[in-house]
Protein chains: 2
Amino acid sequence: MNSDNWQWWQYFLAIAEQGSLSRAADKLAVSQPTLSRQLQAMEAQLGQPLFDRSTQGLSLTDFGQGLLEECQHMQSSAQKLQRLATGQAQTLSGRVRLSANELMALHYLPGLLSRFMQRYPQISLEVEVSNHASNLDKRDADVAIRMFPPTQLDVYCRRLFDIPLGFYASLEYLAQQGEPCDSQSLFQHRILGYDRDPQFEEGARQLGMSVKNEQFLLRTDCLPLQLELAKQHAGIVVSHQTLCEAAGLIKLDVGIELPALPLYLVCHRDVQHNKKIRVLMDFLAETLELK
Amino acid sequence: MNSDNWQWWQYFLAIAEQGSLSRAADKLAVSQPTLSRQLQAMEAQLGQPLFDRSTQGLSLTDFGQGLLEECQHMQSSAQKLQRLATGQAQTLSGRVRLSANELMALHYLPGLLSRFMQRYPQISLEVEVSNHASNLDKRDADVAIRMFPPTQLDVYCRRLFDIPLGFYASLEYLAQQGEPCDSQSLFQHRILGYDRDPQFEEGARQLGMSVKNEQFLLRTDCLPLQLELAKQHAGIVVSHQTLCEAAGLIKLDVGIELPALPLYLVCHRDVQHNKKIRVLMDFLAETLELK
DNA sequence: TTATCGCTATTCATATTTGCATACCCTTTG
DNA sequence: CAAAGGGTATGCAAATATGAATAGCGATAA
């Protein structure tokens, strides 16, 4: 009875989640033929197929479906084990994954991380630049810089300062288009909007205004690009005060009080005592304050 | 980050439980060098040792200790998965493990199992003969014949008939030693007792008598041997009525009312709908009744 | 003290597993 | 309708992991 091969369950779950051998193979860092054959062996051992094959991928049979849930429990144990294992690491060498959004990554981090690497030359940093919150459970990232409070219970969270926001435009833009003085005139202007990201709509809704992404003529979810566009006189941007002023943009007083963005540093509770992670968080907290 | 190798955790747990690479290797059906190297790789990946090595085996470091519990959770998921997987098997081929004590195995099963195999030639039977209850969780056995009610909640249990017990001795023994007529005179005789198994003491206690294994001069936990000894005139045995009578032993009336042994057929709830297991239990239930 | 026993680590030939290349199939798209 | 793009399965050479044998170590026992 050799079916107690834990690796098989890992394979099974990856295939079930990805819906295809190729994608699962990618994720598991093995080749597709290997996965194909391991799955065959597994099914042979169990005596019945786990998946229905098609040319578009694999879908769970009822039999496989019945195993999925428990296998996910098994996975969460595996993930927890990984976190526990890394959580106890007390060396200042090895890898740490940091997740941040594009604006943070491009405008705040470069100088900081450069200094960090000089101070801790044995630590190898991986920075994931992404607009969506990375999954700390799955260790997609060890540390994340977030602009919103944590929703999970099992994260260790440090709240840093607030980032003041404002409406900004370039001198040249204002010379050409005139300066809006209230919210009425503001919406006559070219405001740089978001593409698919609902955060702008959501923020406006909290201020009691109804705004749709579609209202705006120039839209992108890439915040550094928004900022760059504003510098190139493309329109009015809502962005970090310090960044905009450093870029020579002019603050517009349109009578709308924008809330400040709260800045959080988070990691999973299981890894909060990991020395590397602790050191990175401390460093970021310290040096971000000074910015 | 390739430490999400579920097999490693399986290895880790086996080593931790066995306390030695050699024993763990046995259990996992791999070789000891393989395990040694896999563990080295795992520890290298984690950056610190999981075990302290000595010439007597391995013992968990604090680090490893911190991982043990979650790893056991992972194991119980793996075991549950195995049960779920086998539980849905609807074929009448493959292996089924049956557990029974020695007396059942030697005096009841041979004929039955022989007929069972003729009726279901594709099913391969493994019989574990053991006096202690095998672990249905770990799939040490699929079906167990028990003389005591189940204590776990997650077992499927069928109660069969009761097996009447009695005091028996051979004609020749009685001719030599005389026949006891009450509990007083009974204890003057050579009664075949148990070695380490407390079931006799326990049974006597429930009848309101105080009995110690040490009182008896000829002791063994092997029930078929007790029976055989009685046949060879070695003493008085407490055993199944039908078996003793079939062996030509004489029932002694000593005024003690022995309780009958309840007979149970059990399997894990997760596998109760497995066709092979169902068929075996049905067959055993039917044919044991007729004995 | 010496011999023995059980354990881990290492060497090396081998066998298994792997990945590349590819065949083949189906669906989608131009 | 043809071609492209996704998918899985398979043949085969090469890399990888494996196990038998063995060295080496410390504890226990005689």
Side-chain angles (χ1 to χ4, degrees), chain A residues 1-65 67-68 71 78 82 85, chain B residues 1-65 67-68 71 78:
Chain A
M1 183 64 54
N2 196 17
S3 114
D4 61 359
N5 185 335
W6 293 12
Q7 192 160 44
W8 275 359
W9 295 115
Q10 184 178 18
Y11 286 173
F12 164 72
L13 184 60
I15 298 169
E17 284 180 339
Q18 300 298 317
S20 112
L21 291 184
S22 334
R23 278 195 295 277
D26 268 356
K27 199 150 250 210
L28 295 167
V30 298
S31 74
Q32 173 267 321
T34 294
L35 218 48
S36 169
R37 281 181 289 237
Q38 291 294 328
L39 179 59
Q40 281 172 26
M42 186 173 180
E43 290 176 324
Q45 172 96 200
L46 295 178
Q48 55 189 315
L50 291 161
F51 295 95
D52 290 320
R53 265 76 162 175
S54 81
T55 58
Q56 350 227 68
L58 297 85
S59 63
L60 283 166
T61 59
D62 287 346
F63 174 52
Q65 187 69 48
L67 303 175
L68 187 59
C71 204
Q82 256 194 104
Chain B
M1 182 66 51
N2 195 19
S3 116
D4 60 0
N5 184 334
W6 292 12
Q7 193 161 44
W8 276 358
W9 295 116
Q10 185 178 16
Y11 286 173
F12 164 73
L13 184 61
I15 298 169
E17 284 180 339
Q18 300 298 317
S20 112
L21 291 184
S22 334
R23 278 194 296 276
D26 270 355
K27 199 149 251 212
L28 294 167
V30 298
S31 73
Q32 173 267 323
T34 294
L35 218 48
S36 169
R37 280 180 296 236
Q38 292 292 330
L39 179 59
Q40 281 172 25
M42 186 173 181
E43 290 177 324
Q45 172 96 201
L46 295 177
Q48 53 189 316
L50 291 161
F51 296 94
D52 290 320
R53 266 75 162 176
S54 80
T55 57
Q56 346 227 74
L58 296 84
S59 64
L60 283 165
T61 59
D62 288 346
F63 174 52
Q65 187 69 48
L67 302 174
L68 186 58
C71 204

- Item | 4.5 Å side-chain heavy-atom contact, B/Glu43 and B/Gln48 | no
- Item | Rounded interatomic separation in angstrom, taking CD from B/Gln18 and C1' from C/dG6 | 15 Å
- Mind calculating the distance between CG (B/Leu39) and P (D/dA17) to the nearest angstrom? 16 Å
- Item | A/Gln40 (side chain) and D/dA9 (base): donor-acceptor pair under 3.5 Å | no
- Distance below 4.0 Å between A/Arg53 side-chain N/O and D/dA9 OP1 or OP2: yes
- Nearest to the side chain of A/Arg37, which nucleotide is it out of D/dA21, D/dT8, D/dC12? D/dC12
- Using the test side-chain hydrogen bond (donor to acceptor under 3.5 Å, both in side chains), find all partners of B/Arg23 that sit at least two apart in sequence or belong to another chain. none
- Task: Starting at atom CD of B/Glu43, determine the distance to atom C1' of C/dT8, rounded to an integer number of angstrom.
- Result: 12 Å
- Query: Separation of A/Asp26 atom CG from D/dT8 atom P, in whole Å?
  - Reply: 11 Å
- Return no unless some side-chain N or O of B/Thr34 is found under 4.0 Å from OP1 or OP2 of D/dG19. yes
- If only side-chain N and O atoms of B/Ser36 are considered, is one of them under 4.0 Å from the OP1 or OP2 phosphate oxygen of C/dA9? yes
- Item | Whole-Å distance separating the CD1 atom of B/Ile15 from the C1' atom of C/dC7 | 13 Å
- Just by modelled atom types, is the A/Asp52 backbone N or O under 3.5 Å from a matching donor or acceptor in the A/Thr61 side chain? no
- Message: Quick check: on DNA chain C, is the nucleotide nearest A/Gln56 upstream (toward 5') of the one nearest A/Gln38, or the reverse? Name the residue that is more 5'.
- Response: A/Gln38
- Please determine if a side-chain N or O atom of B/Ser22 lies less than 4.0 Å away from the OP1 or OP2 oxygen of C/dG6. no
- Message: Is B/Arg23 close enough to C/dC7 that one of its side-chain N or O atoms is under 4.0 Å from OP1 or OP2 there?
- Response: yes
- Item | Nearest-angstrom distance from the residue atom CD of A/Gln32 to C1' of D/dA9 | 7 Å
- For the residue pair B/Trp6 and A/Asn5, establish whether any side-chain heavy-atom pair is separated by less than 4.5 Å. no
- Whole Å only: how far is the CG atom of A/Leu21 from the P atom of C/dC25? 18 Å
- Student check: side-chain heavy atoms of B/Met42 and B/Tyr11 closer than 4.5 Å: no
- Message: If I take atom CD in residue A/Gln7 and atom C1' in nucleotide C/dT17, what distance separates them, rounded to the nearest angstrom?
- Response: 11 Å
